Amino acid sequence: MRYNPSEIEPKWQKQWLKEKVYEPDLKLAKNPFYNLMMFPYPSGEGLHVGHAYTFSGADLYGRYQRMRGCDVFQPIGYDSFGINSENYALKTGTHPLDLMKKTTDRYEKQLKELGIGYAWDEVLSTHEPDYYKWTQWIFVQMFKNGLAYRKKASVNWCPGCKTVLADEQVVAGTCERCDSVVIKKELEQWFFKITDYAEKLLKNLDHIDWSERIKIAQKNWIGKSEGASIRFSLIDVPGQEDKKHFVEVFTTRPDTIFGTTFVVVSPELAKFWQVSGWQAPDEVRKYIKQKLEERQNESTEKNKSGIFSGFSAVNPANKEKIPVWISDYVLAGYGTGAIMAVPAHDERDFEFAKKFKLPVSNAPLVSIDEGIKKSGGIKKIQFRLRDWLISRQRYWGPPIPMIFCEKCQWQPVPEKDLPVKLPYIKDFKPTGTDKSPLATDEKFYKVRCPKCNEWARRETDVSDTFLDSAWYYLGYLGLSKPFDEIRIKKWLPVDMYIGGAEHAVLHLLYVRFLAMAFKDWELVHFEEPFKKFRAHGLLIKDGAKMSKSRGNVVNPDEYIRAYGADALRMYLLFLGPFEQGGDFSDTGIKGITRFLERVWKLTPRVILRVKPEGSHDLPAGKAGILRSAQNDRGEVEQLIHKTIKKVTNDIENLQYNTAISALMILLNKFEEETVAKEDWEVFLKLLAPFAPHITEEIWCGVLKNKKSIHKEKWPEFDPAMLEEDTFELIVQINGKFRGRVSAAKGISEEEAKAKAASLESVKTHLTGKPKKVIFVPDKLINFVL
RNA sequence: GCUGGGGUGGUGGAACUGGUAUACACGAGGGACUUAAAAUCCCUUGCUCGCAAGGGCUUGCGGGUUCGACUCCCGCCCCCAGCACCA
């Protein structure tokens, strides 16, 4: 019988579903383990091989935990709301609602063909009213708790996606999604007050078990700076001579206060002064106007420009009169929008001073505390993190559940009226204005005020997709009641979360923020939703990222068809360390196919307990010696225990590539031997998380076991078996390897010397008496000449 | 520029706490089987000098510490990811 994955794989996939192998009892599970992986957004192209890679790696971990005796909950769903899905709908001219059914069905089929062990009973899609009812409910709670507010601000606008974006979605001045250059617009929008949690978001990073690179990215993004806020009085401001004015700056270097030679303010702050009565000279007005316009259209230039305001400030520390400049190198949205410039200690200030021939002081430094004291400043902590802009002027998202009434102002939709259903709008194209397409549907937006019952207007923007995904791990526990206390206590926080590093300051930050809010509202008992998070690497092709534009995207379907899901999964994980990613090439998959075929072929030989065919006339060599040795069994048994240890450790550390190599080594050994059935069973169990179908077929189909191998107990190694009484003594001369010799453990230096000296290769090099001998017990001996 | 990760054979990649560099695969070459091919099995395979025995060299580059360095220290170069005028 040949190994035929296309026959056995679908068979077991069906059987597993039927037996509910991957459906733990959410209420009664005794040993819960929540194994979560980032859910995909269903793109029209279907699942690609990158998904296959990450899901295989995460599934392997879950399978391992199941065999370790855990009730593993491994759910899946679709991040189906949002601009990505909507854009695809626009491209194909299909309504996203009609599209979703088709695409999620396709994903489900593909995921099942990969043999990922999901709890399909709990599958969810964020665009379904059952789900977004709770997304909206969370919005309402945010509003009621003062964490959702409206503010007119200069916000990021993506001309490609025709909507505003959060700071986190702007990558190097361009849209994270469509690469358009993001511009600034002055708009009134909904924000979530993530900054309230800046300190906690930062502090908790110290104790959560997350991939280091994600923690660092979040730390930088939150960007805590400790410094001082210092006031500089302004003198002779034209048009304001009669009043006392000052400018407040934020600095992390109050110790350099005596070196301050000028003050710089952002064009935005200058504009504000102008509006407040400052009569600026014409060329200054012109400059401000021009810079403000530029900031609308392009990301900030590094070429510093600037202009003298015409008036001065007083350095509070030494009472020196210094000029006030206006420049675009000072940001409006950070600190106070004004800085004290210390060219002697700040590269940017130095550059600016050089360009405009401003003085550079060499005044000495003082201590930070003294600097603050002398300048009359106060200590201040400043974060780089800004509030989360949550509204989107698009169609395909959960309508923001708010109503505006002229009399009562903003009112949340009463909870009993949730969900606010997204109406089916035929023309769902973004309008390009600051209004969502929902604003064209009078039936939708014309409502009664929930408070006074007068006619009012419903909010027509939808919320950011990242709000949908910021709580989905709760949704899997049951959409009828996602905050069910018993289930939450049992399953959360999530034991293991695996996903992409690209979400470091997006999803992974938002999801922590929401959990902290939930904790404060006493909905959950944890601040941190994921005990452990690991970022997987990126699967690349020919050294480059896979992308549609490069045309190097690999579809997993054809590989499943040609080699089977087991081979594909195992091959992907063999490419490199899971946290580092790998380079996909289709030649390497053959190696895994050969391996699985050899596993398949060895099975009948194990049952019959025969040596491999043709073993008698194998040439003497590694194999020949092994067979003739008396202690065959001992050596094989030791290797089995070594392999159990290695595979176990490697899975724990997500080093699947080396675990697979250890399994290959064991198989190579088995092929030279007569294998005992119990040893073979150990091997199959170790292989089961890597290749779930073939191992199940052998386990149940060939070996006639009743219970699925995936519910079997993970093998344990006996540490005593790993102890050896002999070791390979390494012999070096001048630190260079010259040979090795087997020796009993614990031999003395003298014995080792004698043993080493008897080696031919040593004799030829050991000329004369060594100056020194280095002896490392049970390891090596080094003669220094 | 800053932060993090990395640079090892023809390729993907191994290597404990400083102690045999190149595990495991892929590819390549040779052989067996076959009418032939595929598949399979066996052997070889870091580079280099040598008929051979054997020698020399080799973990991005240059130094250092050490009996001994892929591993530690100093100085550089390159690649990937993130941040980027955050005062």
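Being a predicted model, the structure only gives us computed values, none of them experimental.
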Check your understanding: Whole Å only: how far is the CZ atom of A:Arg594 from the P atom of B:rC41?
Key -> 8 Å
Practice item. Starting at atom CD1 of A:Ile214, determine the distance to atom P of B:rG82, rounded to an integer number of angstrom. Key: 11 Å
Exercise for review: Check whether any side-chain N or O of A:Asp650 sits under 3.5 Å from a backbone N or O of A:Ala659 as a donor-acceptor pair, and report yes or no.
Suggested key: yes
Check your understanding: In terms of side-chain geometry, is the basic nitrogen of A:Glu635 or A:Lys669 positioned less than 4.0 Å from the acidic oxygen of its partner?
Key -> yes
Exercise for review: When you get a sec, tell me which of B:rA87, B:rA21, B:rC83 is the closest nucleotide to the side chain of A:Phe737?
Suggested key: B:rA21
Point to revise | Same-atom distance (P) from B:rA38 to B:rA28, integer angstrom | key: 11 Å
Exercise for review: Considering only atom C1', compute the distance from B:rG10 to B:rG4 and round it to an integer number of Å.
Suggested key: 31 Å
Review point. Salt bridge between A:Glu199 and A:Lys224, side-chain N to carboxylate O under 4.0 Å?
Key: yes
Review point. Does any nucleotide pair with B:rU45 by Watson-Crick or G-U wobble geometry, both distances under 3.5 Å, and what is it?
Key: B:rG27
Point to revise | Residue mapping more 5' on RNA chain B - nearest nucleotide basis, A:Thr252 or A:Lys601 | key: A:Lys601
Revision key, fill the gap. Heavy-atom nearest pair, A:Ile747 first then A:Asp778, reads N-OD1, 4.4 Å
Point to revise | Ionic contact status for A:Glu294 with A:Lys291, cut-off 4.0 Å | key: yes
What are the atom names and distances for every N/O pair under 3.5 Å that joins the protein to nucleotides 44-50 of chain B?
none

**Study point:** Those residues that, when tested against A:Asp346, pass salt bridge (charged side-chain N to carboxylate O under 4.0 Å, His left out) (two or more places apart)
**Key:** A:Arg348
Check your understanding: Rounded to whole angstrom units, what separation is found between the CZ atom of A:Phe262 and the P atom of B:rA87?
Key -> 17 Å
Protein-nucleotides 54-58 of chain B N/O pairs under 3.5 Å:
{"from": "B:rG55", "atom 1": "OP1", "to": "A:His765", "atom 2": "NE2", "distance (Å)": "3.0"}

Exercise for review: State whether A:Tyr334 places a side-chain N or O below 4.0 Å from either non-bridging phosphate oxygen (OP1 or OP2) of B:rA87.
Suggested key: yes
Check your understanding: Using 4.0 Å as the upper bound for N to carboxylate O, is an ion pair formed by A:Lys753 and A:Glu750?
Key -> yes
Side chains of residues 333-343 of chain A: which donor-acceptor partners sit under 3.5 Å, not counting sequence neighbours?
{"from": "A:Tyr334", "atom 1": "OH", "to": "A:Ser225", "atom 2": "OG", "distance (Å)": "3.3"}
{"from": "A:Thr336", "atom 1": "OG1", "to": "A:Glu248", "atom 2": "O", "distance (Å)": "2.6"}
{"from": "A:Thr336", "atom 1": "OG1", "to": "A:Ala338", "atom 2": "N", "distance (Å)": "3.4"}
{"from": "A:Thr336", "atom 1": "OG1", "to": "A:Ala338", "atom 2": "O", "distance (Å)": "3.3"}

Check your understanding: Does the separation of the ring centres of A:Phe352 and A:Trp325 fall below 6.0 angstrom?
Key -> yes
Review point. Which of these nucleotides, B:rC83, B:rA87, B:rG82, is closest to any side-chain atom of A:Trp221?
Key: B:rC83
Practice item. Answer yes or no: is there an ion pair linking A:Asp209 with A:Arg534, defined by an N-O contact shorter than 4.0 Å? Key: yes
Exercise for review: Please state the P separation for the pair B:rG60 and B:rA21 - nearest whole angstrom.
Suggested key: 16 Å
Check your understanding: Is the side chain of A:Asn315 donor-acceptor paired with the backbone N or O of A:Ala317 at a distance under 3.5 Å, no angle test?
Key -> yes
Check your understanding: If you measure from the P atom in B:rG62 to the same atom in B:rA14, how many Å do you get, rounded?
Key -> 25 Å
Review point. Would you say A:Lys379 has more than 12 foreign heavy atoms packed within less than 6.0 Å of its NZ?
Key: no
Study note, to complete from the structure: B:rG10 glycosidic conformation (syn if within 90° of 0, otherwise anti) is anti
Point to revise | Whole-Å gap separating P (B:rC2) and NZ (A:Lys219) | key: 17 Å
**Study point:** Whole-Å distance separating the NZ atom of A:Lys772 from the P atom of B:rG68
**Key:** 9 Å
Check your understanding: Tell me: CG of A:Leu506 to C1' of B:rC83, nearest whole Å?
Key -> 13 Å
Review point. Considering only side-chain heavy atoms of A:Asn782, which listed nucleotide, B:rC67, B:rA23, B:rC83, is closest?
Key: B:rC67
Check your understanding: With sugar-phosphate meaning primed atoms plus P, OP1 and OP2, does A:Leu780 contact a base, only sugar-phosphate, or nothing at under 4.0 Å between heavy atoms?
Key -> base
Practice item. Take the protein atom CG of A:Leu568 and the nucleotide atom P of B:rA25, then report the distance between them rounded to whole Å. Key: 20 Å
Review point. In whole Å, what separates the P atom of B:rG12 from that of B:rG27?
Key: 15 Å
Check your understanding: Where along nucleotides 4-16 of chain B does protein come under 4.0 Å, by heavy atom, of base (B) or sugar-phosphate alone (S), with - for untouched nucleotides?
Key -> S-------BSS--
Practice item. Quick one: label A:Arg598 by what it contacts on the DNA or RNA (base, sugar-phosphate, nothing), any heavy atom closer than 4.0 Å. Key: sugar-phosphate
Review point. Taking NZ, NE, NH1 and NH2 as the nitrogens, is one of them in A:Glu351 or A:Lys304 under 4.0 Å from a carboxylate oxygen of the other?
Key: yes
Revision key, fill the gap. Residue set satisfying salt bridge (charged side-chain N to carboxylate O under 4.0 Å, His left out) with A:Glu751, at least two apart, ordered chain then number -> none
Review point. Taking any strand in view, what nucleotide pairs with B:rG9 in a Watson-Crick or G-U wobble way, both distances under 3.5 Å?
Key: none
Practice item. Assess the pair A:Tyr571 and A:Tyr563: is the distance between their ring centroids shorter than 6.0 Å? Key: no
Practice item. Ignoring backbone atoms, establish whether A:Arg384 has a side-chain N or O less than 4.0 Å from OP1 or OP2 of B:rA87. Key: no
**Study point:** Who pairs with B:rC61 - Watson-Crick or G-U, where each distance is under 3.5 Å
**Key:** B:rG75
Exercise for review: Please state the P separation for the pair B:rU45 and B:rA52 - nearest whole angstrom.
Suggested key: 14 Å
Check your understanding: What does B:rA84 pair with, Watson-Crick or G-U, if both distances are under 3.5 Å?
Key -> none
Review point. If you measure from the C1' atom in B:rU22 to the same atom in B:rA15, how many Å do you get, rounded?
Key: 9 Å
**Study point:** Closest-nucleotide ordering on RNA chain B, the 5'-leading residue of A:Gly591 and A:Gly335
**Key:** A:Gly591
**Study point:** Euclidean distance for P, B:rA23 against B:rG9 (whole angstrom)
**Key:** 13 Å
Practice item. Any strand is fair game: report the nucleotide pairing with B:rU22 by Watson-Crick or G-U wobble, both distances under 3.5 Å, or none. Key: none
Check your understanding: Which nucleotide in the list B:rA87, B:rU40, B:rG82 gets nearest to the side chain of A:Glu597?
Key -> B:rU40
Check your understanding: Looking across every strand, which nucleic acid part, if any, lies under 4.0 Å from A:Val342 by heavy atom: base, sugar-phosphate, or nothing?
Key -> nothing
Revision key, fill the gap. Mate of B:rA32 across any strand shown (Watson-Crick or G-U wobble, both atom pairs under 3.5 Å) is B:rU40
Exercise for review: Find the distance A:Lys590:NZ to B:rA28:P and express it as a whole number of Å.
Suggested key: 8 Å
